[in-house]
Each structure stands twice: as structure tokens, then as C-alpha cells.
Peer 1: 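Sharing a structure, written as C-alpha cells. Questions coming.
Letters A, B, ... mirror the listed sequences (proteins, then strands); counts begin at 1.
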Number of protein chains: 2
Amino acid sequence: MTVEGRTWAGTTLTDRRAMRRRQLLDAGLDLLGSGGSGAVSVRAVCRQSKLTERYFYENFADRDELILAVYEGVVHDAHRTLVEAVDTAGRGAEARAEAAVTAFVTLILDDPRKGRVLLLAPLADPALNRRGTERIPMFAELVREQLSDKVDEGDRAMTATALVGGLANLFTAYLGGSLDVSRERLIAHCVRLVLGANALHS
Amino acid sequence: MTVEGRTWAGTTLTDRRAMRRRQLLDAGLDLLGSGGSGAVSVRAVCRQSKLTERYFYENFADRDELILAVYEGVVHDAHRTLVEAVDTAGRGAEARAEAAVTAFVTLILDDPRKGRVLLLAPLADPALNRRGTERIPMFAELVREQLSDKVDEGDRAMTATALVGGLANLFTAYLGGSLDVSRERLIAHCVRLVLGANALHS
DNA sequence: CTCAATTGACTACGAACGTTGTCAATCCTA
DNA sequence: TAGGATTGACAACGTTCGTAGTCAATTGAG
């Protein structure tokens, strides 16, 4: 059936498989990031990736599995970027917050498809809702660690929820161009939000 | 063709027309509020409303027109409710904020379909995105009027955006049951958010 | 060169969709 | 009661979808 070692057009089978998977995921990201999950059909992904259904089903059991893989890939990338930025930054809360926000803004401006997927897909997509995928989960994490643990659990949950929603809405608006503000001011404002969150529990 | 004055099964033509329109809109609200816009197909609306395609196209040019009408109907209702609550409340900022938040929470708990449509539909639905429908617009309005007009325009826009996103995320989480907190505490927290927004501009 | 592994274009099937049209059954008015 | 207004069930057309299958062409190993 399949022979591993054999080379084909200069590349090995494993390489070609990986490349096709990447092409499919990239096409999925394109579609999910532009037209929402409604635009992600098997045929559209195949058209976009210039591959055929054969390879689609070689890589994914069905449409939903691709969508989930695209989303989780983006989340994974973003998480890695954020963790790296925060670790590189100093130990102060402000420095850490600024590093995280800057990294995120850079990420979503660098590749707006990823931004849209991160910010909108888990809300908009049935395939992702069902899996209980959280909204920008890496930020929720970051935010929670920032919050004082001396306040009530419910208050902390509400503050974290509000903060994540606020940041997400800011990023979304900025990405959509409806926020006429420089990148630096956006970042500064987000940092103020994150740092100011504790002040709510008075 | 059509004769206005005539009565049919005890009702006039205009009445029957209005009732059918209401049935269609209600079915649309059911579907949009539960399964998202993907669940709103002409056939599904007809099944749910126990009407036939004939009456669908008598009332709406196409599927998108129904979705838009459903959304705008909900927004209109919510807006009226909010304005009424705020007007009835006292003149203090806190009383107004509490009245608004209470009214909104009551509204979305009373009819979660409306809650989901208000909070999620404009983000999730292509037919609504395209029209540039804003996220919970009546809250954006309320929030903006609450903010001091002595600060910079950009800052005000960012604060309003963050606040609306934060409230929306809180309501969404509460509606989805992932916020284990009493209604009163949720409301109190939202009020604190609204009132505390100005403190951000320091 | 031969042959099996691999590729990609293509077809096929049943389902759902948006939209329009048909037609017999109902109900009131004259 | 005759006839036109009105209703509702349903068929029809073309499109897209998910998914599976066929088959000739290409490619490198022996």
C-alpha cells in the first residue's frame, strides 16, 4: 500500500503528507478567518489548498475536525507567543501585562486571520461552542493570575470575565478599524485595564 | 386579487397577515436564539411557525431579511425597555445604571432567546455583520452618556468599547450558566463597572 | 523497462437549501 | 348556491454540501 522511505518529486512521503496537512490547515484558517465557519466547506478548503477531497479525508475525519484543528492550532501559537513574551519580560505586574498585550496585538495585526479566529470563532461557530472552547483562553489565564486572591471567588470570576470581554472587544474593534487610536495608546489602555481590575474590589 | 374588508375565520385579512408575520418572526427568534443563524433556514422557520413558504415570501424578500427583522425587533424591544427603566429611575448616575442593568438582566433571563440574539447574533451572523450591526447598541449608548466628556475622544471610545465588551461577556457567561453568582451580585458588579469606568482616565 | 506506489481529476449519491410554482380544498360574499 | 378570494400541502428546479468511490496518468525502485 504505502511505502515510507520512497522519495517523490524530491520529497519523502512524510514530508508531502505534512505539507498537505499544512496546506489544508492554512486554507481552513483563511476561510475561518474571513467568512466565518460557514465559509469552511470541504470543497472550499480543497479549492483553496489546491488539493482534493482524498487528502482532506486522509487528514481529517470530517469538516468539524478540521475547524477544531485550525482553532486549536491558532490558540496554541498564540499561547506560546504570549508565554514567551511574559517570561521574557521583567517580574513587575506592569511589565508582564504590557508584554502580553503587546504580543497579542502584534500577533493579530501580523495575521488578522488569526485575530479573527481567536476573537470571534469560539463565539460564532457551532462546532467550537459545543466543545466548550473558551474565549481567548490564554488571556483568561493571564488575567486570573493577575487578580488578587484575597477577594471572594465570585467577584474574581466576574472581574476576570468582564476583563476578558473588555479586552476582546477592544481588540476586535481595533482589528475591524472602528477604533481610531494608535497601537501604542491601545496597548497602554489595555495595560491600564488589566492593572486596574483589582481596584474594582473595594 | 385581495379584498381587504373581508373576514375569514373570524378575523380580518390585516389581522391574519399580522399574526402570520408575528409567527414567522417568533419562529425566527427561536431558531436564531438557539442554533445561531445557521439554524435559520426558510424551511425550518416554516416548520416551526406551521406556515408555508408562501407566507414566508409574502412577508420577507429572503432569508436575510427575516434574520435582520428578528434582530432589529429584539433590539427595539430591549431599547424600549432600557429607556423606560432609566427614565423611571432617579436622576443619580448609580440609580440609572442599576435600573438599566437590572432591566437588561431581567430581559435576558425572561427570554433567553432574546439574550442570545442580542449578545451573540451580531458577532456570529454574516447577514448581521455585513450591515454593521453594533454589539448591544443600546448599552453602548448608555455607557457613552455615562462617561465624562472632559477626557480625550480616543480614550472615551476605548473605555466605552471595553465596558460594553465586559458587560456583554458577563451577561453571556451568566446566561450560559458559567457564572456561579446570584443575580443581585451580578447586577451590583455591573453597576460598579459602569460607575468605575471614569476612574480609568487618571 | 516494468510494475507498484502515488497522484489528481472526476463521478456519484443522498440530503438540505432557496425560491417559485401548481392545485385542490376551504371559506365568505353576493 | 355559485364563484372568487384565500389557504395549505406539495412538487420542482437548480445549487451546494459531505462523503465515498473510480480510473487514468505520473513517478521512482527493482
Peer 1: Given C/dG18, D/dT6, C/dT6, identify the nucleotide with an atom nearest to the side chain of B/V42.
Peer 2: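 Taking heavy atoms from C-beta onward, the closest nucleotide is C/dG18.
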Peer 1: Output the single nucleotide from D/dG18, C/dC17, C/dA9 whose closest atom is nearest the side chain of B/R47.
Peer 2: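 Out of D/dG18, C/dC17, C/dA9, the nucleotide with an atom closest to B/R47's side chain is C/dC17.
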Peer 1: Got B/L109 and B/L175 here, is their nearest side-chain heavy-atom distance under 4.5 Å?
Peer 2: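 With C-beta onward as the side chain, the pair touches.
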Peer 1: Between atom CG in A/L31 and atom P in D/dG18, what is the gap in whole Å?
Peer 2: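 After rounding, the reported distance stands at 11 Å.
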Peer 1: Among C/dT7, C/dC17, D/dA9, which is the nearest nucleotide to the side chain of B/S41?
Peer 2: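 Of C/dT7, C/dC17, D/dA9, C/dC17 is nearest to the side chain of B/S41.
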Peer 1: For A/L13 and C/dA5, give me the distance from atom CG to atom P, rounded to whole Å.
Peer 2: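 Atom-to-atom, A/L13 to C/dA5, this comes out as 12 Å.
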Peer 1: Run A/R185 and B/D155 through side chain to side chain contact (heavy atoms under 4.5 Å, CB included) and show every step you take.
Peer 2: CA-CA 8 Å; A/R185 285 188 62 193; B/D155 275 2; 2.8 Å; yes
Peer 1: For the helix from C/dC1-D/dG30 to C/dA30-D/dT1, what angle lies between the axis at the first five pairs and the axis at the last five pairs, to 10 degrees?
Peer 2: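 Between the axes fitted at each end of the helix from C/dC1-D/dG30 to C/dA30-D/dT1 lies an angle of 20°.
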Peer 1: Return whichever of A/R43 or A/Y55 has its heavy-atom-nearest nucleotide of DNA chain C closer to the 5' end.
Peer 2: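 In this pair, the answer is A/Y55.
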Peer 1: If you check the B/Y57 side chain, which of C/dT20, C/dT6, D/dT7 turns out closest?
Peer 2: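 Taking heavy atoms from C-beta onward, the closest nucleotide is C/dT20.
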Peer 1: Would you call A/R21-A/E58 a salt bridge at under 4.0 Å N-O?
Peer 2: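 A/E58 and A/R21: not salt-bridged.
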Peer 1: Nearest to the side chain of A/R54, which nucleotide is it out of C/dT19, C/dT7, D/dA20?
Peer 2: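 So the side chain of A/R54 is nearest to C/dT7.
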Peer 1: Return the value, rounded to whole Å, for the distance between atom CG of A/N59 and atom C1' of C/dT7.
Peer 2: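 Checked: the CG to C1' distance equals 15 Å.
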Peer 1: What is the distance, to the nearest angstrom, from the NZ atom on A/K50 to the P atom on C/dC10?
Peer 2: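 Atom-to-atom, A/K50 to C/dC10, this comes out as 14 Å.
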Peer 1: Looking at B/R63, I'd like to know whether one of its side-chain N or O atoms comes within less than 4.0 Å of OP1 or OP2 on C/dT19.
Peer 2: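 Result: no.
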Peer 1: Rounded to the nearest Å, what distance is computed from the CZ atom of residue A/F60 to the P atom of nucleotide D/dA20?
Peer 2: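 A/F60 atom CZ is separated from D/dA20 atom P by 15 Å.
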Peer 1: Would you call A/R113 and A/D26 a salt bridge, using N to O less than 4.0 angstrom?
Peer 2: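 Here A/R113 pairs with A/D26 in a salt bridge, since their nearest N and O are under 4.0 Å apart.
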Peer 1: C/dT19 P sits how many Å from B/L66 CG, rounded?
Peer 2: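 Taking atom P of C/dT19 as the reference, CG of B/L66 is at 11 Å.
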Peer 1: Which nucleotide wins on minimum distance to the side chain of B/E53, given the candidates D/dT7, D/dG18, C/dT20?
Peer 2: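 For the B/E53 side chain, the nearest candidate turns out to be C/dT20.
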Peer 1: Just N and O in the side chain of B/R17: are any of them under 4.0 Å from OP1 or OP2 of D/dT6?
Peer 2: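 Indeed not, no polar side-chain atom of B/R17 lies that close.
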Peer 1: With a 4.5 Å cut-off on side-chain heavy atoms, are A/T161 and B/Y174 touching?
Peer 2: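 Answer no - side chains too far apart.
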Peer 1: Would you say the side chain of A/L32 lies within less than 4.5 Å of the side chain of A/S37, judging by non-hydrogen atoms?
Peer 2: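 Yes; the side chains approach each other to less than 4.5 Å.
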Peer 1: Rounded to whole angstroms, how far apart are CG on A/L51 and C1' on C/dG8?
Peer 2: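 The answer, rounded to whole Å, is 10 Å.
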Peer 1: Pick base, sugar-phosphate or nothing for A/F56, based on heavy-atom distances below 4.0 Å to the nucleic acid.
Peer 2: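 A/F56: no heavy atom of the nucleic acid under 4.0 Å.
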Peer 1: Can you find a heavy atom in the side chain of B/R43 that is under 4.5 Å from one in the side chain of B/E53?
Peer 2: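 B/R43 vs B/E53: side chains touch.
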Peer 1: Can you measure A/D15 atom CG to C/dT6 atom P for me and round it to whole angstrom units?
Peer 2: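 It works out to 14 Å between those atoms.
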Peer 1: Only one of B/D62, B/L51, B/L66 passes side-chain contact (heavy atoms from CB on, under 4.5 Å) with B/F56; say which it is.
Peer 2: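 That would be B/L66.
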